[in-house]
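Report on the structure given below.
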Amino acid sequence: MNDYISILKKDLLDVIDNLIKNNIVNQDFKKDNLTIDYLSKSKQGEVSTNLFILLNSQLNKNDYDLRKNIHKNIINFEYVKKIEITKVGFINIFFEEDFIIKKLFFLLSHPNNYGNNVSGNNDKINIEFVSANPTGPLHIAHIRGAVLGDALASILQATGHKVTREYYVNDAGSQINILGNSLYKRYQQIFGVKIEISPEEYPGEYLIPIAKLIADSDNDKWLKIKEVERKKFFEGFAIKELVKSIKLDLKSINISFDQFTYESTIVENKIIDKVFSILKDKDLLYEGFLEKPKGDDSADWEPRKQLLFRSSNFTDDRDRPFKKVGGEWTYFANDAAYHYDKYLRNYTHLINIWGADHIGYIKRMKSLTEVISDNPKYLEVYVCQIVRLIKDKNFLKMSKREGNFITLNEIVKKVGKDPLRYFMISSKSETPMDFDMDKVIEKNKDNPVFYCQYAYARASSVINKSKTFKEFKNFKNKFNEFDYSLLSKYEWEIILKLLSWPYLLNQTSLFKQPHRITNYLEDLSSSFHSFWNMGKEDQSLRMLDLENTKKTLTKLLWIESFRIVVKRAFTIIGIEAYENM
RNA sequence: GCGCUCUUAGCUCAGUUGGAUAGAGCAUCGGUUUUCUAAACCGAGGGUCGCAGGUUCGAAUCCUGCAGAGCGCGCCA
């Protein structure tokens, strides 16, 4: 990491280390509390730090002139031009222009990977997301997790991790039975059999075209074939077709997976047996009874003896069933086997993106992965809160029963890929979100994605226009002409923001919060639009000035940098950068 | 009852993982286009950061309690 923030941070930490070494502050000084404020957060300097405040309260020696010594230390950094320590103790720092300009040159010469780093150490990370049951098309509830997972994967790749995007297909439970049966009923209907699909089954119309496929190729042959064979065929066919359409839906929002793992494969390979023996050896399984949950009012509750996993030995608040009363594995047990399978594939780290309805499931799975990996942090689970759809100012109620859920496909058609992706990651995933279909459709300034794309288009139009003048051709090769003294302070601020991109991207990766990127984009775009409009008031701030070639060249260089950074950010969150809008 | 998550402007959300006077957009009101894209910009009003304590130089942020919302808590996946 050699962005200006990281460099400064490292040097400030060295200052602290030195003070510790000389026993001016204690060994247990908490270095993590050191902050560097940049961008708009820094009120007075180009950046500011709390270094002095932190140290001042922890001094061992009363006669030590901290203020003077800190000042001397920092001003000696070769890239620091000026510092001031305020009364409260904030240190405002200004950089040497040459230092910043070198960074800008570096940016310009790395248009396709500026900001990327290798801090991930090539760690193998498996990120599992969506994993919707293949019993119907994807709908609104799946989109947030899909986009979040995909963006997170890109962010991790950009910061040096080897990432596998994985989808777990639950194709082995009783739901699949029902699915196959519903498909068969649709098939029967084609041949005039009077039969209804009950609300407990899958009455959605999406099974009709799939049934037609079978009828087209096999005619009515399955009406006469034995149930066992028929069931197997219809279940398999339904899953194959539905997974195919799920893949297509995901492709429409630019998401593709590296791997689909099928529950049936996990079951066939008997991986559960290995997990069972591991848990058994560690005495983490026992036959026992669970207490009735207190909020459960149902009268037909009876104590039942079954195989339980001692998840309460870890962070869970109670033990969890591993086998059903009948002796079959629970869903959790098969899922445990799946996670063990991922562990065997040698990932250094697992990430799961789950919907809010699985919150109660996290602790038992983390308990399990701790047992098999010996690492309490082996699995990280990120939860997506629900998305409420608003149409015509009303919340849309969705029920599978009535078959009236809005599919991902329909939303993409109405809203478009870019606004959809942008909105889904622009708020923290743990916050419930309201998604107003009408507002997103409007495609005006209500919509931040267009605001940012428009800024990119404006910048592009300047660059493209400049190409019509011979003085500015090949401006990218004329970095020697760059002269900061011809720039306004607004532009200098924008340049500093651009150069904070590598730091921001790394923070985004560390905290797994893609929405930091959209915040950054909006801040950056806003600065750009502001500056653009200043040119209307003040001729000297206009970007293209044919009278003043050197000044215009200097501007073109930072405008090109702006385009590079915005495009990098767009690419990582998966939206398009248009040169014309 | 227990667990997890959430609560910031009229609305939708940020707040760089404890910093300086809490910020945007929408909505409301008022301004800015002979000139690089007005899908934009500038200004005004709008706040008990759910409530109450605590921790410290300093709290929207951390801790405790309370209130409200969502999700979950054996044979669904």
Side-chain angles (χ1 to χ4, degrees), chain A residues 5 32-33 35-44 48-50 53-54 56-57 86-90 133 135 170 172-176 263 289-296 301-304 306 308 316-318 320-321 323-326 328 330-332 334-335 355-363 383 385-386 426-428 430-436 439 443-448 450-451 453-455 457-466 500 503-504 507-508 510-511 513 515-516 518-520 522-523 526 528-537 539 542-545 580-581:
Chain A
I5 301 164
D32 288 348
N33 289 340
T35 59
I36 294 179
D37 289 339
Y38 57 102
L39 305 183
S40 49
K41 262 283 192 156
S42 171
K43 302 282 199 263
Q44 332 259 336
S48 68
T49 172
N50 61 353
I53 301 175
L54 291 180
N56 199 32
S57 57
T86 66
K87 268 188 188 167
V88 192
F90 287 101
N133 288 349
T135 54
N170 293 121
S174 60
Q175 291 303 312
I176 300 305
E263 185 182 1
F289 297 87
L290 282 177
E291 284 176 25
K292 179 181 177 180
K294 295 212 167 141
D296 186 351
W301 201 89
E302 287 172 24
R304 278 193 287 254
Q306 60 190 133
L308 301 173
D316 212 344
D317 44 299
R318 62 191 297 180
R320 303 293 175 176
K323 272 188 178 177
K324 299 175 189 174
V325 173
E328 299 162 69
T330 55
Y331 175 79
F332 168 62
N334 279 329
D335 214 7
D357 53 342
H358 288 75
I359 284 181
Y361 201 75
I362 295 174
K363 285 184 170 176
V383 169
Q385 279 294 340
I386 50 161
S426 62
S427 60
K428 267 185 310 200
E430 316 92 76
T431 312
M433 177 166 70
D434 291 339
F435 188 78
D436 190 326
K439 277 195 176 175
K443 300 194 177 183
N444 57 22
K445 63 188 169 184
D446 276 16
N447 194 332
F450 285 97
Y451 184 83
Q453 286 176 320
Y454 184 46
R458 275 180 152 179
S460 300
S461 83
V462 174
I463 299 290
N464 289 331
K465 184 150 189 171
S466 77
S500 71
Y503 184 80
L504 183 116
Q507 296 289 102
T508 304
L510 282 176
F511 300 122
Q513 296 178 332
H515 74 275
R516 289 182 189 229
T518 55
N519 289 343
Y520 174 75
E522 284 167 44
D523 184 40
S526 169
F528 184 85
H529 285 307
S530 258
F531 180 70
W532 179 284
N533 279 69
M534 284 176 200
K536 294 183 189 302
E537 299 277 316
Q539 192 73 30
R542 291 178 64 79
M543 297 177 182
L544 289 178
D545 181 356
N580 295 295
M581 284 176 73

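The structure presented is a predicted model; accordingly, all values stated were derived computationally and were not measured. In what follows, every chain begins at residue 1, and chains take the letters A, B, ... in the order their sequences are listed.
A donor and an acceptor atom sit less than 3.5 Å apart, one in the side chain of A/N533 and one in the base of B/A40. Side-chain atoms of A/N33 stay outside donor-acceptor range of the base of B/G18, with no qualifying N/O pair under 3.5 Å. In the interface, the side chain of A/S48 is paired with the base of B/A20 through a donor and an acceptor atom under 3.5 Å apart.
Among B/C57, B/U37, B/C13, the nucleotide with an atom closest to any side-chain atom of A/S461 is B/U37. The listed nucleotides are B/C42, B/C76, B/G19; the one nearest the side chain of A/Q175 is B/C76.
Atom CD of A/E522 is separated from atom C1' of B/U12 by 12 Å (rounded to the nearest Å). Atom CZ in A/F450 sits about 19 Å away from atom P in B/G25, given to the nearest Å. The CZ-P distance, from A/R320 to B/A77, rounds to 16 Å in whole Å.
Rounded to whole Å, the C1' atom of B/G54 lies 15 Å from the corresponding atom of B/U61. Only the P atoms considered, B/C6 is 14 Å distant from B/U64, to the nearest whole Å. As rounded to the nearest Å, B/G23 and B/G43 have P atoms that lie 14 Å from one another. Nucleotides B/U8 and B/C49, compared at atom C1', are 4 Å apart to the nearest Å. Going from the P atom of B/C11 to that of B/G53 covers 26 Å, rounded to whole Å.
The partner of B/U37 cannot be assigned: no Watson-Crick or G-U wobble pair with both contacts below 3.5 Å exists in any strand. Across all strands shown, the partner of B/C51 is B/G65, judged by Watson-Crick or G-U wobble contacts whose two distances both fall under 3.5 Å. Both distances falling under 3.5 Å, in either a Watson-Crick or a G-U wobble arrangement, place B/C4 opposite B/G70. In this entry B/G46 has no Watson-Crick or G-U wobble partner, no candidate having both defining distances under 3.5 Å. Of all nucleotides present, only B/A24 satisfies the Watson-Crick or G-U wobble test against B/U12, with each distance under 3.5 Å.
Taking the salt bridge (Lys or Arg N to Asp or Glu O under 4.0 Å) definition, one finds that A/D316 meets it with A/R320, sequence neighbours left out.
Side-chain nitrogen and oxygen atoms of A/K536 include at least one within less than 4.0 Å of the OP1 or OP2 phosphate oxygen of B/A38. A close approach under 4.0 Å does not occur between any side-chain nitrogen or oxygen of A/H529 and OP1 or OP2 of B/A38.
Residue-nucleotide stacking is not present for A/W532 and B/A38, judged by a side-chain ring centre under 5.5 Å from the six-membered base ring centre and planes under 30° apart.
Using cut-offs of 30° and 60° on the angle between ring planes, the pair A/Y361 and A/Y331 is tilted.
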Review point. What string of B, S and - do you get for nucleotides 3-9 of chain B 5' to 3' if you count protein non-hydrogen atoms under 4.0 Å?
Key: SBSS---

